Amino acid sequence: MAQKPSIPKGTRDFSPEEMVKRNYIFDTIRQVFQRYGYLPIETPAMENLSTLMGKYGEEGDKLIFKILNSGNYFSDFQNDSQLLEAKNQGEKAFTKYISEKALKYDLTVPFARYVVQHQNEITFPFKRYQIQPVWRADRPQKGRYREFYQCDADVIGSNSLINEVELVQMIDDVFTQLNVPVIVKINNRKILSGIAEVIGQADKIIDITVAIDKLDKIGVEGVNKELQDNGVSEAAIAQLQPLIAFQGTTLEKVIFLKQLLAGSAIGLKGIEEVEYIFKTLAAISDLKSEVELDITLARGLNYYTGAIFEVKANAGTLSSSICGGGRYDDLTGIFGLPNMSGVGISFGADRIYDVLNELNLFPQSIAASTKLLFVTFGEAEQHYCLPLLARSRKAGINAEIYPEAGAKMKKQMGYADDKKIPFVVIVGGDEMQSGMLSLKNMTSGEQEKLTIENIIEKLK
RNA sequence: GUGGCCAUAGUUCAGUUGGUUAGAACAUCAGAUUGUGGUUCUGAGGGUCGUGGGUUCGAGUCCCAUUGGCCACCCCA
């Protein structure tokens, strides 16, 4: 008995209709990337496990899809007791014996690896974009897949905040073109460091920021409880309260933070950076998207050191971010190339798809594929049409002929219908004799007799 | 890794307090129509009811286990 086929959890097939829509998103993003001078690269689906491990934190390591070594992956073990010993070291240690490759988890770390490996061929600052799938061994849920596409643009080898400004413009361009209302949230890791420093908990910065990040989700009490659970002192928590409670415009936040962080050099530096970005953006002043400073924004991987970006749709039911990014001062350092600062953003194409789909924002016009179908009554007619078909294609018209020569009209017309082919040429004995072909407009139902030259001219 | 909900045709779902041969809609294929589609009508194919065990004279229905899916937490695009 045939088994019912299926695909792995969290993965999806894409139909022609879906691919047309997906390509619309990819094309839009790619076009914006190119307009800002970013160049494409690709990296392999798999990386050495050692390249990826330890780059995404404890949690991230678990979510990396490891690839089982091919051949005899037990060859490292001479006997059962060695195997048992390895097993007793725990899952993570054991993984090293049986897996040396993994599917890539994001595009940023492979990019860092790429930069280090090709440093002598690259002209810096290097602006690259990359649109590829990544894999995460997560439990799937709404807006979360185990295989999904990221569309990254990063510039590496430049400290200028102009890059941050441009990235925000690119975000605005992409979502303006896609017609998605979004809110762009900006923060700065240095501000977060300053806050942790000022309250005397510099070593707890990750715990503090992760907790504050959940403010809109779990509320003030939830945040405080999480801080408490993570061993942040009562005094420090008390000091955080005015910050957590603060509401205001970006400008008011900046003024407030300047006071709060007066004693922290790093904190003030962060504010200065944020101020520059907002001032420059304001000077450009043609942004369609909402942009705001959000000090509760702590998203992103452990390596962000400056700006942090996050974009959420301002409509629809998807609450997770559809784009994120930030600056990382020393990403290539672990691969042996220090002092190379990078900043970038990553669009989550699959989530953007879900948003566009829900809000019905895909344009109608992107569906067009075949424009003209040759409908025939038999082999003689089909033969007669083949050169005409070739001529239509040479003229740049997407055209096809129904392959089964004897197929019924209903069948052929139905095929045109299903594929939403707007024009059909019907060729039988009369048409062959006169050379006047019947061109039918499938939307209006109108039909006229034309030569192939006229048809090509009309549809070109 | 933790928790909640769910599982019947390709898809969305009916299926009575456990009772004969498990139904519908849509989709697919064929016919009504041997030179005219999208509408309509007729017919056909398609299910060991996720899987394994148990209770029972009898299980799609009740119980247990297992697998898969969805959602939430953790974390994240």
Side-chain angles (χ1 to χ4, degrees), chain A residues 1-13 15 25 29 56-64 91-92 105-108 131-152 206 210-211 213-214 217-218 222 226 229 298-302 309-313 317-326 344-355 373 375-378 381 402 406-432 437-447:
Chain A
M1 175 170 326
Q3 75 174 98
K4 268 196 183 175
S6 65
I7 54 176
K9 184 194 296 207
T11 64
R12 295 146 304 151
D13 286 325
S15 66
I25 294 172
I29 292 173
Y56 309 105
E58 192 75 19
E59 218 34 57
D61 283 351
K62 287 189 210 156
L63 298 183
I64 294 170
E91 266 170 52
K92 195 173 167 183
Y105 178 89
D106 74 351
L107 301 179
T108 310
I131 298 177
Q132 287 193 266
V134 300
W135 294 268
R136 295 187 188 177
D138 218 346
R139 296 261 302 246
Q141 52 182 282
K142 185 171 182 174
R144 180 176 297 188
Y145 307 101
R146 298 182 111 180
E147 178 184 59
F148 61 96
Y149 271 73
Q150 289 193 326
C151 313
D152 277 32
I206 301 272
V210 166
D213 186 36
K214 294 176 192 161
K217 209 171 190 174
I218 60 177
E226 184 156 330
D229 292 347
R299 287 309 179 87
L301 309 168
N302 306 339
F309 305 114
E310 181 179 78
V311 182
K312 286 184 176 183
T317 57
L318 186 72
S319 59
S320 27
S321 63
I322 52 178
C323 178
I345 47 170
S346 177
F347 292 86
D350 304 80
R351 286 183 177 175
I352 293 172
Y353 180 98
D354 291 344
V355 171
L373 175 75
V375 167
T376 61
F377 291 100
E381 289 88 343
Y402 196 84
K408 290 181 179 160
M409 282 249 90
K410 181 181 169 74
K411 186 92 181 161
Q412 302 192 50
M413 299 298 270
Y415 178 80
D417 252 343
D418 276 353
K419 282 189 85 171
K420 299 194 168 48
I421 299 172
F423 292 97
V424 159
V425 165
I426 300 161
V427 179
D430 298 348
E431 284 85 353
M432 281 205 291
L437 313 181
S438 301
L439 177 71
K440 178 161 181 145
N441 180 326
M442 292 297 277
T443 8
S444 66
E446 285 165 17
Q447 197 165 313

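For the numbers below, each heavy atom of this structure counts, side chains included, while hydrogens, waters and symmetry mates do not. Lettering of chains follows the sequences in order, A, B, ..., and the numbering in each one begins at 1. Just so it is clear, the structure is predicted and the values come from calculations on it, not from any experiment.
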Under 4.0 angstrom, heavy atoms only, what part of the nucleic acid is [X] near: base, sugar-phosphate, or nothing?
{"X": "Glu431(A)", "result": "base"}
{"X": "Lys411(A)", "result": "sugar-phosphate"}
{"X": "Asp350(A)", "result": "nothing"}
{"X": "Gln141(A)", "result": "base"}
{"X": "Ser320(A)", "result": "nothing"}
{"X": "Val424(A)", "result": "nothing"}
{"X": "Gly60(A)", "result": "nothing"}
{"X": "Thr443(A)", "result": "base"}
{"X": "Ile426(A)", "result": "base"}
{"X": "Gly414(A)", "result": "sugar-phosphate"}

> Toward the 5' end of RNA chain B, which comes first, Asp213(A) or Ile7(A), by nearest nucleotide?
Replying inline: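 Upstream on the strand: Ile7(A).
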> More 5' along RNA chain B: Tyr145(A) or Ser444(A), using each one's nearest nucleotide?
Replying inline: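 Closest to the 5' end, via its nearest nucleotide, is Ser444(A).
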Quiz question: going by heavy-atom distance under 3.5 Å, is there a donor-acceptor pair between the base of [N] and the side chain of [X]?
{"X": "Gln447(A)", "N": "U36(B)", "answer": "yes"}
{"X": "Arg144(A)", "N": "C75(B)", "answer": "yes"}
{"X": "Arg139(A)", "N": "C70(B)", "answer": "no"}
{"X": "Lys410(A)", "N": "U33(B)", "answer": "no"}

Does [N] pair with anything, Watson-Crick or G-U wobble, both distances under 3.5 Å, and if so, with which nucleotide?
{"N": "A44(B)", "result": "U28(B)"}
{"N": "A9(B)", "result": "none"}
{"N": "G1(B)", "result": "C73(B)"}
{"N": "A14(B)", "result": "none"}

> OP1 or OP2 of C74(B) sitting under 4.0 Å from any side-chain N/O of Lys62(A)?
Replying inline: no
Out of [options], whichever nucleotide has its closest atom nearest the side chain of [X]:
{"X": "Pro140(A)", "options": "C70(B), G35(B), C74(B)", "answer": "C70(B)"}
{"X": "Lys217(A)", "options": "C74(B), A77(B), G69(B)", "answer": "C74(B)"}
{"X": "Lys408(A)", "options": "U36(B), G31(B), A77(B)", "answer": "G31(B)"}

For atom [atom1] of [X] and atom [atom2] of [N], their distance in whole Å:
{"X": "Lys312(A)", "N": "A77(B)", "atom1": "NZ", "atom2": "P", "result": "12 Å"}
{"X": "Met413(A)", "N": "U36(B)", "atom1": "CE", "atom2": "P", "result": "9 Å"}
{"X": "Arg146(A)", "N": "G68(B)", "atom1": "CZ", "atom2": "C1'", "result": "12 Å"}
{"X": "Asp418(A)", "N": "G37(B)", "atom1": "CG", "atom2": "P", "result": "14 Å"}
{"X": "Lys420(A)", "N": "G37(B)", "atom1": "NZ", "atom2": "P", "result": "18 Å"}
{"X": "Asp417(A)", "N": "U40(B)", "atom1": "CG", "atom2": "C1'", "result": "15 Å"}
{"X": "Asn441(A)", "N": "U36(B)", "atom1": "CG", "atom2": "C1'", "result": "14 Å"}
{"X": "Tyr402(A)", "N": "G35(B)", "atom1": "OH", "atom2": "C1'", "result": "16 Å"}

Could you pull out the closest heavy-atom pair between [X] and [Y], with the gap in Å?
{"X": "Tyr149(A)", "Y": "Asp350(A)", "result": "N-OD1, 2.6 Å"}
{"X": "Gln447(A)", "Y": "Ser438(A)", "result": "NE2-CB, 3.6 Å"}
{"X": "Gly143(A)", "Y": "Asp354(A)", "result": "CA-OD2, 4.2 Å"}

> When you measure from the side chain of Gln412(A) to the backbone N and O of Thr376(A), does any donor-acceptor pair fall under 3.5 Å?
Replying inline: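 Here the side-chain-to-backbone pair exists.
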>> So does Asp138(A) get a backbone contact from the side chain of Arg146(A), meaning a donor-acceptor N/O pair under 3.5 Å?
In response: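 Checking the backbone N and O of Asp138(A) against the side chain of Arg146(A), a donor-acceptor pair under 3.5 Å is found.
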Taking atom [atom1] in both [N] and [M], compute the distance separating them and give it to the nearest angstrom.
{"N": "C26(B)", "M": "G46(B)", "atom1": "C1'", "result": "14 Å"}
{"N": "A65(B)", "M": "C6(B)", "atom1": "P", "result": "15 Å"}
{"N": "C62(B)", "M": "G18(B)", "atom1": "P", "result": "8 Å"}
{"N": "G50(B)", "M": "G69(B)", "atom1": "P", "result": "16 Å"}
{"N": "A27(B)", "M": "U40(B)", "atom1": "P", "result": "9 Å"}
{"N": "U21(B)", "M": "G58(B)", "atom1": "P", "result": "14 Å"}
{"N": "U48(B)", "M": "U61(B)", "atom1": "P", "result": "16 Å"}
{"N": "U8(B)", "M": "C71(B)", "atom1": "C1'", "result": "22 Å"}

> With side chains defined as the heavy atoms from C-beta onward, is the minimum distance between Met442(A) and Ile421(A) less than 4.5 Å?
Replying inline: no
>> Does any part of the side chain of Arg351(A), heavy atoms only, come nearer than 4.5 Å to the side chain of Phe148(A), both counted from C-beta?
In response: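 With C-beta onward as the side chain, the pair stays apart.
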>> Distance check, rounded to the nearest 0.5 Å: Ile25(A) atom CD1 versus Tyr353(A) atom OH?
In response: 7.5 Å
> Between Phe347(A) and A77(B), do the rings stack, that is, sit under 5.5 Å apart with planes less than 30° off each other?
Replying inline: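 Ring-base stacking flag not set for Phe347(A) and A77(B).
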